[in-house]
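Since the structure comes first, as structure tokens, the remarks are kept for the end.
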Amino acid sequence: CGETAYVKLLTQLFGDRAMIANATGCSSIYGGNLPTTPYTTRPDGRGPTWSNSLFEDNAEFGFGMRLAVDKFNAYALELLGKVLSGAAGCKDAPAELLTAIRDADQSSQAAIEAQRGRVADLKKFLGGCKCSVCDQLLSVADYLVKKSVWVLGGDGWAYDIGYGGLDHVLASGRNINVLVLDTEVYSNTGGQASKSTPMGAVAKFASAGKLMMKKDMGMISMSYGNIYVAYVAMGANPNQTVKAFVEAEAYNGPSLIIAYSHCISHGINMTKGLVEQKEAVNSGHFPLYRFNPALVAEGKNGLTLDSKLPTMKFSEHAMKEQRFKVLANAQPELAKKLMETADKLVAARFDKLQKLAGL
């Protein structure tokens, strides 16, 4: 399965502070299962907070996490200010420590670890203080350390059933990260076509081949101007994948990562899944790029196209997968027509991205 590598990477990068809302689907099944799981903890036991919500409201579920974290952080800072100013009536308050916590930069892992150490010292002090303000601050002190809120699920959730909520959350402007594990089909419920399914692919409810092109979630999201957007494929460019995850998490606003995930529903040799990912990119079907609004704020072009010019047609890649070959066997004329159309549209899309990146 192509999905698990991205989930493992997320945990490795941000697991010490990640709060994850997981849509029902393949990712919630293997994510919530034991004894095998793509999630992990550090040697000190610190790891992600994870919870599973419904298929249709996962973005809102994660948004609730973001709002709660922000509220607790604001409340903790308010109480810290009272202790620092003396309004709490607390004796021997460590002013230097309190000031350092209040003004801390947490833009890097090292800075977050330093803040975590300061908060640990603060909690020792608060535990020995008897005033009510210190008691309240002790209950929310952990929210003085930066939290990384992630919403993740498959394309069936993100492109279709949960899209209305996802669009609402992305448009909120809040600092929330979305990871879409894009298998281009409803994998967990038997392989129905989704709006991410490519033209010409056969799936349930598209037995004569998908007649429409794959929905362009990236372009839709980029139109807002303030959403970080990245298309990644581990098998094609692992370095670009890591860079996108780091940039998305660092961006102080909504971010969307769409990760190409090979799937058994594609009708491929699953031991060569990463090769399939690479060919999906090389054919122009899944171009790799990053759109960073922070660059736009600096007066630069926010779009970076990480893919090279396609080295093969989309149809050359597609016809190596059973989901496309089955239509060619059953209705060769229709399959040929759809592939010819898809080749033109895929090439036009890449050309458009290339021009936008060159502005």
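Predicted model, so just to flag it, every value in this text is computed and none were measured. Residue numbers run from 1 in the order of the sequence given.
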In this structure, would V246 and L256 fall into the same cluster of hydrophobic residues linked by side-chain contacts under 4.5 Å?
no

I'd like to know whether the aromatic ring centres of Y231 and F286 sit less than 6.0 Å apart in this structure.
yes

I want to check something: taking the side chain as every heavy atom from C-beta on, are L152 and I20 in contact at a cut-off of under 4.5 Å?
yes

Can we say E113 and R42 salt-bridge, meaning some charged N sits less than 4.0 Å from an Asp/Glu carboxylate O?
yes

Where do I227 and F291 come nearest, in terms of heavy atoms and distance?
O-CD2, 3.4 Å

If you measure from the Lys or Arg side-chain nitrogens to the Asp or Glu carboxylate oxygens, is any gap between R17 and E249 under 4.0 Å?
yes

One pair to check against ring-ring contact (aromatic ring centres under 6.0 Å, His included): F314 and F324. What are the steps and the verdict?
CA-CA 11 Å; F314 167 67; F324 295 97; 5.7 Å; yes

Distance-minimising heavy-atom pair for I101 and Q115
O-NE2, 3.2 Å

Is atom NZ of K215 surrounded by more than 12 heavy atoms (other residues, nucleotides or ligands) closer than 6.0 Å?
yes

I'd like to know if the side chain of T11 reaches the main chain of V7, judged simply by a donor and an acceptor atom lying under 3.5 Å from each other, with no hydrogens or angles considered.
yes

Pair S28, T24: side-chain N/O donor-acceptor within cut-off below 3.5 Å:
no

Calculate, to the nearest 0.5 Å, the distance between atoms OG and CD1 belonging to S187 and I264 respectively.
10.0 Å

CG of L97 to CG of D121, rounded to nearest 0.5 Å, is 6.0 Å

Can you name the nearest heavy-atom pair linking S265 to R323, along with the distance?
O-CB, 4.2 Å

Determine whether V242 and Y289 fall in the same hydrophobic cluster, where Ile, Leu, Val, Met, Phe, Trp and Tyr are linked whenever their side-chain heavy atoms lie under 4.5 Å apart.
no

Should L138 and V69 be counted in the same cluster of Ile, Leu, Val, Met, Phe, Trp and Tyr side chains packed under 4.5 Å apart?
yes

Residue pair Y224 / A171: nearest heavy atoms and the distance that separates them
CE2-CB, 3.8 Å

Side chains of N177 and V151: closer than 4.5 Å at any heavy-atom pair?
no

Say whether M319 and M199 are linked into one hydrophobic cluster, either directly or through other cluster members, by side-chain heavy-atom distances under 4.5 angstrom.
yes

Considering only heavy atoms from C-beta outward, does the side chain of Y6 approach that of L181 to under 4.5 Å?
yes

Judged by modelled atom types alone, do E276 and H262 share a side-chain donor-acceptor pair under 3.5 Å?
no

Short side-chain to backbone donor-acceptor contact, N301 and L359, under 3.5 Å
yes

Check: D57 side chain, A23 main-chain N or O, donor-acceptor pair, under 3.5 Å:
no

State whether a side-chain donor-acceptor pair under 3.5 Å links S194 with D160.
no

K123/V119 under side-chain contact (heavy atoms from CB on, under 4.5 Å): CA gap, chis, key distance, verdict
CA-CA 6 Å; K123 289 165 73 174; V119 169; 4.0 Å; yes

Can you confirm whether Y260 sits close enough to D182 that some side-chain heavy atom of one is under 4.5 Å from a side-chain heavy atom of the other?
no

For the OG1 atom of T99 and the CG atom of L84, what is their distance to the nearest 0.5 Å?
4.5 Å

Are F72 and D142 close enough that some pair of their side-chain heavy atoms sits under 4.5 Å apart?
no

Do V346 and S283 have side chains that get closer than 4.5 Å, going by heavy atoms?
no

Ignoring hydrogens and geometry, is there a side-chain-to-backbone donor-acceptor pair from N282 to T311 under 3.5 Å?
no

Exam field: side chain E56 to backbone G162, donor-acceptor pair closer than 3.5 Å
no

Looking at E298, I'd like to know if its CD atom is crowded, meaning that more than 12 non-hydrogen atoms belonging to other residues, nucleotides or ligands lie closer than 6.0 Å.
yes

Looking at NZ of K195 and CD1 of I161, how far apart are the two atoms once the value is rounded to the nearest 0.5 Å?
9.0 Å

Does the N73 side chain pair with the main chain of Y143, one donor and one acceptor, at a distance under 3.5 Å?
yes

Taking T37 for the side chain and L34 for the main chain, is one N or O donor matched with an acceptor at less than 3.5 Å?
no

For H266 and S261, work out which heavy atoms get closest and say how close.
CE1-O, 3.7 Å

Within 6.0 Å of CG in D92, more than 12 heavy atoms from elsewhere:
no

Do N237 and T241 touch side chain to side chain, with heavy atoms closer than 4.5 Å?
no

Do K243 and F245 meet the cation-pi criteria used here (NZ or CZ under 6.0 Å from the six-membered ring centre, within 45° of the axis)?
no

T197 vs K210, test: side-chain hydrogen bond (donor to acceptor under 3.5 Å, both in side chains). Steps then yes/no.
CA-CA 7 Å; T197 302; K210 177 90 176 299; 5.0 Å; no

Determine the interplanar angle of the F14 and W150 rings, folded into 0 to 90°, and report it as parallel if under 30°, tilted if 30 to 60°, perpendicular if over 60°.
parallel

side-chain contact (heavy atoms from CB on, under 4.5 Å) between S51 and F61: does it pass, once the steps are laid out?
CA-CA 9 Å; S51 191; F61 182 59; 3.6 Å; yes

Can you tell me how far apart NZ (K147) and CG (D70) are? Round to the nearest 0.5 Å.
11.5 Å

Please assess L166 against M217 for the test side-chain contact (heavy atoms from CB on, under 4.5 Å), listing each intermediate value before the final yes or no.
CA-CA 11 Å; L166 176 58; M217 276 264 288; 3.8 Å; yes

Check whether Q277 reaches the backbone of M234 with its side chain - one donor and one acceptor, N or O, closer than 3.5 Å.
yes

Can you establish whether the number of heavy atoms outside K325 located under 6.0 Å from its atom NZ is more than 12?
yes

CE of M219 to CG of L353, rounded to nearest 0.5 Å, is 4.5 Å

Counting only heavy atoms from other residues, nucleotides and ligands, does the tally under 6.0 Å from CE of M270 exceed 12?
yes

Is it the case that the side chains of N22 and W50 hold a donor-acceptor pair, with the cut-off being a distance below 3.5 Å and no angle test?
yes

Within one Ile-Leu-Val-Met-Phe-Trp-Tyr cluster: W157 and F63, side-chain cutoff 4.5 Å:
yes

Would a distance-only check, ignoring hydrogens and angles, find a side-chain to backbone donor-acceptor pair under 3.5 Å from R66 to N175?
yes

May I ask you to test the D351-Q354 pair for a side-chain heavy-atom distance under 4.5 Å?
yes

Could you go through the side-chain contact (heavy atoms from CB on, under 4.5 Å) check for H285 and K214 one step at a time?
CA-CA 9 Å; H285 168 58; K214 178 186 176 84; 4.0 Å; yes

Give the minimum heavy-atom separation between V180 and Y159, together with the two atoms involved.
CG1-CE1, 4.1 Å

Cut-off 3.5 Å, side chains only: do E3 and S27 have a donor facing an acceptor?
no

